[in-house]
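Notes follow once the structure below has been shown.
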Amino acid sequence: MGATVTDIQEAAIRLRAAREAVLLPKSSLDVVEALSLLAERCLRGESAAAAQLETLTEPFPFSMVRPSLNALLQSMSRDSLRHLQKNEGVTDSLGYVVVGHVIAGNTPLLAWTSVVRALLVRSASLVKLPTGSAAQWGRVFHTLLAETDPSLVRCVEMWEWAGGTRDLDETLALQTDCLIAYGDDATIEQLQGYRPQAPFLGYGHRLSMGIALTAADGIRAAADFARDVLTYDQSGCLSPHSIYVIGDVYDADDFAERLAVALRRMSMESFSAPVTVAAAAQVRRHRTLARMMGDRLWEDTDLRYTVVRPRRRQFAASPTHGVINVQSLSSVDVLPEALAEVTGALQGCAVAASGDIPLSLRRILEDAGVSYVCRPGELQTPPIEWRQNGMDVLKCLTPAVE
């Protein structure tokens, strides 16, 4: 059953009391040790809740989520969390009393990351989960927290209601001291409007990409990029839409063919999300338009993947559902021009390189607004300390050091 206005109001009252009774007497190190223990127990499968994760199949199978989950948990070691607190200068700081979280259903672990960050500054959390099967991932985290520290779990409450329900969304905004929201740009704007003067962190629509440098191992890069493309049906802000191959059009075609082979193999291993009627129509429409533009395509009849080599070099957005663009660039020096239309809307970039990622390329990506640079295969596995949207993820939850 979904939440009511009264439920949200009463939850906020309980959370304020729990924060006073539980979080304030604890040191930040106490919280770090509890969270790192949760991560260790989950990684080792030492709890019923951790075992329950393996049974989840919707909206994405556990086999797809496992790499993201493991990376998140590994980044929650005691030393890593302490380093994050110290690096942002919030080791002994207190965050907002109650932080509200509006969690989208496009990726499974948003609630985990958002709540852990709030706890690291000793804030209580009132969480709006997505409705339906996507809520299970957040609820398992809550169970894990209860198993690990029964007192700490009093500072986190999770509720469900349909997104866009005005009276409930507005109540959440009014009853919390800071609101974090994940969703499309329209959702972010609407939520912020309920309490425009209050602290608000909106994580709206963002795009990600890839770059394959000339000397990179093309076969391995293609296999790793295929995993990035198929994970979460390209619905997250770290899902790649375009991959730039540094070279000529023939280099791009060679890489596109390798990528298509990798996507075919991975999709046959049941790694890809199911193709719905709506997704199928969207993919067919995109393929038709691409042909009309004179683009080259590598595709499968089951509509699980589509590789497009557009004729233009400007960033090409994907309709998701396994559609990925492979474009050629003569040099990284022309990358700023190619990204001009999406500068400020980018989130992540995976770079296939034979050695270290060149510092000059990192600077170009940073100037374009990219906040997460990694290797192919790692786009969907960011650590807890990732500076999402280029922000200090703990400091922004702490009013004393804003």
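- Side chains of Y182 and V102 form no contact here, defined as non-hydrogen atoms less than 4.5 Å apart.
- Note that the CG atom of L213 and the CD1 atom of I357 stand 8.5 Å from one another [nearest 0.5 Å].
- Within a 6.0 Å radius of CD in Q314, more than 12 heavy atoms belonging to other residues, nucleotides or ligands are found.
- With T176 contributing its side chain and L172 its backbone, the two residues share a donor-acceptor pair below 3.5 Å.
- For the pair R19/L94, a side-chain contact is recorded, criterion being any heavy-atom separation below 4.5 Å from C-beta on.
- Not a single donor-acceptor pair under 3.5 Å links the side chain of S80 to the backbone N or O of S77.
- Using a 3.5 Å distance cut-off with no hydrogens or angles, the side chains of H241 and N325 do not pair a donor with an acceptor.
- The main-chain N or O of R284 is found under 3.5 Å from a side-chain atom of T288 such that the two form a donor-acceptor pair.
- Using a distance-only test at 3.5 Å, with no hydrogens or angles considered, no donor-acceptor pair links the side chain of T55 to the main chain of A51.
- Atom CZ of R311 sits in a sparse spot, with 12 or fewer heavy atoms from other residues, nucleotides or ligands closer than 6.0 Å.
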**Report entry** Intermediate values then yes/no, side chain to side chain donor-acceptor pair (under 3.5 Å), S239 and Q380
**Finding:** CA-CA 7 Å; S239 298; Q380 308 283 7; 3.1 Å; yes
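- Inspection of the R82 and S28 side chains reveals an N or O donor paired with an N or O acceptor under 3.5 Å.
- Inter-residue side-chain proximity for L23 and L152 is flagged as met; some heavy-atom pair is nearer than 4.5 Å.
- When only modelled atom types and interatomic distance are considered, D169 and W161 share a side-chain donor-acceptor pair under 3.5 Å.
- At least one side-chain heavy atom of L35 sits less than 4.5 Å from a side-chain heavy atom of L81.
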*asked:* Run the side-chain contact (heavy atoms from CB on, under 4.5 Å) test on F60 and T231 for me, step by step, so that the C-alpha distance in whole Å, both residues' side-chain angles and the decisive distance to 0.1 Å come before the verdict.
replied: CA-CA 9 Å; F60 305 105; T231 297; over 6 Å; no
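- Residue E257 places its CD atom among 12 or fewer non-hydrogen atoms of other residues, nucleotides or ligands, all under 6.0 Å distant.
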(Q) side-chain contact (heavy atoms from CB on, under 4.5 Å), that's the test. Do V308 and V326 meet it? Break it down for me. (A) CA-CA 6 Å; V308 181; V326 174; over 6 Å; no
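- In terms of modelled atom types and a separation under 3.5 Å, the side chain of T148 and the main chain of L145 share no donor-acceptor contact.
- Between R117 and E88 there is no salt bridge, since no side-chain N of the basic residue sits under 4.0 Å from a carboxylate O of the acidic one.
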Set out, in order, the CA-CA distance, both residues' side-chain angles and the distance that settles side-chain contact (heavy atoms from CB on, under 4.5 Å) for L126 and H101, then state yes or no. CA-CA 6 Å; L126 179 49; H101 309 253; 6.0 Å; no
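- No salt bridge links K128 with E160; every basic N to acidic carboxylate O contact stays at or beyond 4.0 Å.
- For E46, the CD atom sits in a packed shell: over 12 heavy atoms of surrounding residues, nucleotides or ligands are nearer than 6.0 Å.
- Look at E170 and R195 and you find no salt bridge, because none of the NZ, NE, NH1 or NH2 atoms lies under 4.0 Å from a carboxylate O.
- Remark: the R287 side chain and the T306 side chain contain an N/O donor-acceptor pair separated by less than 3.5 Å.
- Taking CD from Q74 and SG from C42, the interatomic distance works out to 11.0 Å, rounded to the nearest 0.5 Å.
- Without hydrogens or angle criteria, T214 side chain to G247 main chain gives no donor-acceptor distance under 3.5 Å.
- Closest of all the heavy-atom pairs between S133 and P59 is OG-N, 3.7 Å.
- Around the CE atom of M391, the shell of radius 6.0 Å holds more than 12 heavy atoms that belong to other residues, nucleotides or ligands.
- Contact record, A49 with T143: CB-CG2, 3.8 Å, taken as the closest heavy-atom pair.
- Between D149 and K26 there is a salt bridge, with a side-chain nitrogen of the basic residue lying less than 4.0 Å from a carboxylate oxygen of the acidic one.
- The residue from D254, D253, D295 that alone fulfils the salt bridge (Lys or Arg N to Asp or Glu O under 4.0 Å) condition with R309 is D253.
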Query - CA sep, side-chain torsions, deciding dist, call: D302, V275, side-chain contact (heavy atoms from CB on, under 4.5 Å) - result: CA-CA 8 Å; D302 294 326; V275 180; over 6 Å; no
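- Distance check: L69 CG to F141 CZ gives 11.0 Å after rounding to the nearest 0.5 Å.
- With hydrogens and angles left out, the side-chain atoms of Q234 and H321 include no donor and acceptor closer than 3.5 Å.
- Taking both residues in full, the closest heavy atoms of S208 and C237 are given as OG-O, 2.6 Å, listed atom of the first, atom of the second, then distance.
- For residues 374-394, the pairs satisfying salt bridge (charged side-chain N to carboxylate O under 4.0 Å, His left out) are R387-D392, D392-K395, with sequence neighbours left out.
- Two residues are said to be in side-chain contact when any heavy atoms from C-beta on lie closer than 4.5 Å; L144 and S47 meet this criterion.
- No donor-acceptor contact under 3.5 angstrom links the side chains of Q282 and R285, judged on distance only.
- Within the 4.5 Å cutoff, no side-chain heavy atoms of E299 are placed close to those of V307.
- Of all non-hydrogen atoms in W137 and P108, the two that sit nearest each other are CB-O, 3.2 Å.
- A donor-acceptor contact closer than 3.5 angstrom links the side chains of N389 and Q347.
- Residues E337 and R313 form a side-chain contact, since some pair of their non-hydrogen atoms from C-beta on lies under 4.5 Å apart.
- Without hydrogens or angle criteria, S331 side chain to D333 main chain gives a donor-acceptor distance under 3.5 Å.
- Taking the charged nitrogens against the carboxylate oxygens, D300 and R265 have no contact shorter than 4.0 Å, which rules out a salt bridge.
- Residue G369 comes nearest to R206 through the heavy atom pair O-NH1, 4.2 Å, listed as atom of the first residue, atom of the second, then distance.
- When atom types are taken as modelled, the side chain of S242 and the backbone of F315 share no donor-acceptor pair closer than 3.5 angstrom.
- Summarising the geometry, atom OG1 belonging to T113 is positioned 4.5 Å from atom CG belonging to L72; distances are rounded to the nearest 0.5 Å.
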| task | List the steps and the verdict of salt bridge (charged side-chain N to carboxylate O under 4.0 Å, His left out) for R122 and D92. | result | CA-CA 10 Å; R122 289 176 287 169; D92 299 313; 5.4 Å; no
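- Not one N or O on the side chain of W386 forms a donor-acceptor pair closer than 3.5 Å with the backbone of V393.
- Looking at heavy atoms from C-beta onward, V323 lies in side-chain contact with V283 at the 4.5 angstrom threshold.
- Nearest approach of R304 to P274, heavy atoms of both residues: NH1-CA, 4.4 Å.
- Between the side chain of T4 and the backbone N or O of D7, at least one donor-acceptor pair lies under 3.5 Å.
- Remark: T187 OG1 to H205 NE2 distance equals 12.5 Å, nearest 0.5 Å.
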In residues 215-228, what donor-acceptor pairs under 3.5 Å come from side-chain atoms, sequence neighbours left out?
unit_1 : atom_1 : unit_2 : atom_2 : d
D217   : OD1    : I219   : N      : 3.2
D217   : OD1    : R220   : N      : 3.3
D228   : OD1    : G377   : N      : 3.4
D228   : OD1    : L379   : N      : 3.3
D228   : OD2    : G377   : N      : 2.7

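- Shown are V121, T398, L394; of these, the side-chain contact (heavy atoms from CB on, under 4.5 Å) with S93 is made only by T398.
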